[in-house]
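So the structure is just underneath, and the comments pick up after that.
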Amino acid sequence: MSTPLDCLVIGAGPAGLTAAIYLARFHLGVQIVDAGKSRAALIPMTHNHAGYPGGIKGTELLKRMHEQAAGVGAAITQGVIEGLEQHDGLFAATLGDQTILARTVLLATGVVNNPPPISPELHGIALERGLLRYCPICDGYEATDQNIGVIGTGTHGHKEAIFLRSFSSRVTLIAPGGPHAFHDTEREALEGAGVAIIDGPCQSLRLEDRTIIVPTPSGDHGFDTLYPALGSVIRSELAVQLGAEASADGCLVVDDHQRTSIAGLYAAGDVAKGLDQISHAMGEAGVAATTIRNDLAENRPLRR
């Protein structure tokens with residue numbers, strides 16, 4: 001049987017890679033399993049990540065972080081962890097026909113945004129052109145004074161539209177599946193802020209030059225940029241299957257040191273409840289990695 005890792009990191013986005021860099025520099029045995037699905041790879045250019053005044057592509061940031069983690073000895077394996085169990089104080093992770101044993105596990109699997117109705121090919125083109133955006137905190141600045149569309153309804157859509165109203169006076173909220181469903185106070189707030197409200201359903205989006213078109217029963221509506229406010233799927237199933245506590249939407253509940261409710265299992269980044277930002281994910285990863293090191297040190301000397 002193989003020697004157990006000190007830590008298995010599941011997920012190779014900014015959180016997982018940051019944690020791996022810390023863990024390897026602590027002289028711990030660490031392996032990252034990368035499914036290749038980091039949301040950061042979808043960012044055509046991030047301008048709010050400190051240290052890159054001209055911005056940096058998400059793929060380039062991940063590439064540099066991969067190189068840094070590998071350079072300090074973290075093993076990086078491509079694949080998907082299909083199962084996670086706990087036996088005799090060790091975690092056993094299933095990767096294809098392999099079983100990886102580890103004393104601790106850091107889950108940094110992130111989330112998947114629910115997309116609007118658009119073909120995969122056009123989705124990629126729209127992202128690259130800045131016609132489709134998923135994070136107003138990240139890039140609302142780039143949409144300043146543009147004609148902004150938001151696809152969403154209810155409290156989620158209301159909050160996103162109101163947030164974006166601070167960047168532009170031209171914001172339109174379109175319901176994805178039919179008439180809008182708001183609380184009265186939400187509709188009043190939207191109308192008071194000057195947000196246009198259009199009922200759906202939305203049909204398949206299309207692109208025309210530098211405009212993204214949203215077809216609705218009231219006609220086609222064109223925007224300079226469009227934000228889906230359609231929620232996301234939290235990739236927390238491995239931890240939840242082990243019995244880890246999660247919020248109603250699936251985010252893992254962690255303490256101030258990124259420990260889940262299961263001893264030896266930690267979480268960092270978007271899979272845990274918090275701000276979905278690269279900087280925040282990296283900060284959580286630093287906390288998690290240091291906690292893992294200190295928790296392991298309580299049981300045995302770490303330097304071999």
Side-chain angles (χ1 to χ4, degrees), residues 5-43 45-52 55-81 91 93 100 102-112 135 137-138 234-236 238-239 251-252 254-260 264-297 302:
L5 298 165
D6 290 312
C7 185
L8 170 65
V9 178
I10 305 176
L17 290 167
T18 297
I21 292 166
Y22 274 64
L23 291 164
R25 288 172 55 84
F26 290 145
H27 294 297
L28 294 177
V30 56
Q31 180 176 351
I32 313 166
V33 176
D34 180 8
K37 299 292 185 181
S38 172
R39 279 199 302 173
L42 300 176
I43 302 172
M45 187 71 71
T46 177
H47 293 277
N48 72 337
H49 187 47
Y52 299 95
I56 185 170
K57 287 181 175 289
T59 51
E60 178 62 21
L61 179 63
L62 292 175
K63 176 177 176 288
R64 295 186 186 193
M65 295 182 73
H66 267 265
E67 292 173 353
Q68 189 171 350
V72 290
I76 303 176
T77 303
Q78 301 296 316
V80 177
I81 297 295
F91 292 92
I100 302 173
R103 294 180 175 87
T104 63
V105 171
L106 173 63
L107 205 66
T109 44
V111 307
V112 179
C135 181
I137 295 175
C138 307
I234 316 299
R235 293 174 172 156
S236 59
L238 290 172
C251 287
L252 294 177
V254 296
D255 68 10
D256 291 342
H257 299 277
Q258 305 305 130
R259 301 182 184 97
T260 72
L265 181 64
Y266 307 77
D270 299 346
V271 73
K273 195 72 176 177
L275 188 67
D276 289 1
Q277 291 288 291
I278 291 173
S279 57
H280 190 257
M282 293 170 70
E284 286 188 343
V287 171
T290 305
T291 303
I292 290 167
R293 183 262 172 218
N294 292 340
D295 287 351
L296 286 171
L302 292 174

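Annotation: side chain of Val30 is in contact with side chain of Val9 (closest heavy-atom distance under 4.5 Å). Put simply, the side chain of Thr77 reaches to within 4.5 Å of the side chain of Gln31, judged on heavy atoms.
Residues meeting the side chain to side chain donor-acceptor pair (under 3.5 Å) test with Arg235, sequence neighbours left out: none. For Ser279, the side chain to side chain donor-acceptor pair (under 3.5 Å) test picks out no residue, with sequence neighbours left out. Under the ring pair (Phe, Tyr, Trp, His ring centres under 6.0 Å) criterion, His280 pairs with no residue, sequence neighbours left out. With sequence neighbours excluded, the residues satisfying side-chain contact (heavy atoms from CB on, under 4.5 Å) with Cys251 are Ile234, Ser247, Asp249, Lys273. Among residues two or more places apart in sequence or in another chain, the side chain to side chain donor-acceptor pair (under 3.5 Å) test is passed with Thr291 by none.
Taking SG from Cys7 and CG from Leu28, the interatomic distance works out to 8.0 Å, rounded to the nearest 0.5 Å. Once rounded to the nearest 0.5 Å, the distance linking NZ of Lys57 with CD1 of Ile43 reads 11.5 Å. Taken to the nearest 0.5 Å, the CD1 atom of Ile137 stands 9.0 Å off from the CG atom of Asn48. Rounded to the nearest 0.5 angstrom, Asp295 CG and His257 NE2 are separated by 9.0 Å. Ile32 contributes atom CD1, which lies 10.0 Å from atom CD of Gln78 (distance to the nearest 0.5 angstrom).
Nearest approach of Thr18 to Gly286, heavy atoms of both residues: CG2-N, 4.4 Å. Here the shortest heavy-atom pairing between Ile81 and Ile100 reads CD1-CD1, 4.5 Å. Thr104 approaches Leu296 most closely through the heavy-atom pair CG2-CD2, 3.8 Å. Here the closest non-hydrogen pair linking Gly110 and Asp270 is CA-CB, 4.0 Å. The heavy-atom pair separating Ala15 from Ala285 by the smallest distance is O-CB, 3.1 Å. Between Phe26 and Ala289, the closest heavy-atom pair is CE1-O, 3.8 Å.
Around atom CG of Asp256, no more than 12 heavy atoms belonging to other residues, nucleotides or ligands sit under 6.0 Å away. In this structure, Phe91 places its CZ atom where more than 12 heavy-atom neighbours from other residues, nucleotides or ligands lie under 6.0 Å away.
Applying side chain to side chain contact (heavy atoms under 4.5 Å, CB included) to Ile10 and the options Val80, Leu106, Leu238 leaves one that passes, Leu238.
Judged by distance alone, with hydrogens and angles left aside, the side-chain atoms of Gln258 form no donor-acceptor pair with the main-chain N or O of Tyr266 at under 3.5 Å. Counting only distance, with no hydrogens or angles, the side chain of Thr260 and the backbone of Leu265 share a donor-acceptor pair below 3.5 Å.
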Would you tabulate the side-chain donor-acceptor contacts of residues 61-75 under 3.5 Å, counting partners in other chains and residues two or more places apart, or write 'none'?
from: Lys63; atom 1: NZ; to: Glu67; atom 2: OE2; distance (Å): 3.0
from: Arg64; atom 1: NE; to: Glu60; atom 2: OE2; distance (Å): 2.9
from: His66; atom 1: NE2; to: Asp34; atom 2: OD2; distance (Å): 3.3

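Note on ring orientation: taking the six-membered ring where Trp is involved, the planes of His49 and Tyr52 are parallel (angle under 30°, cut-offs 30° and 60°).
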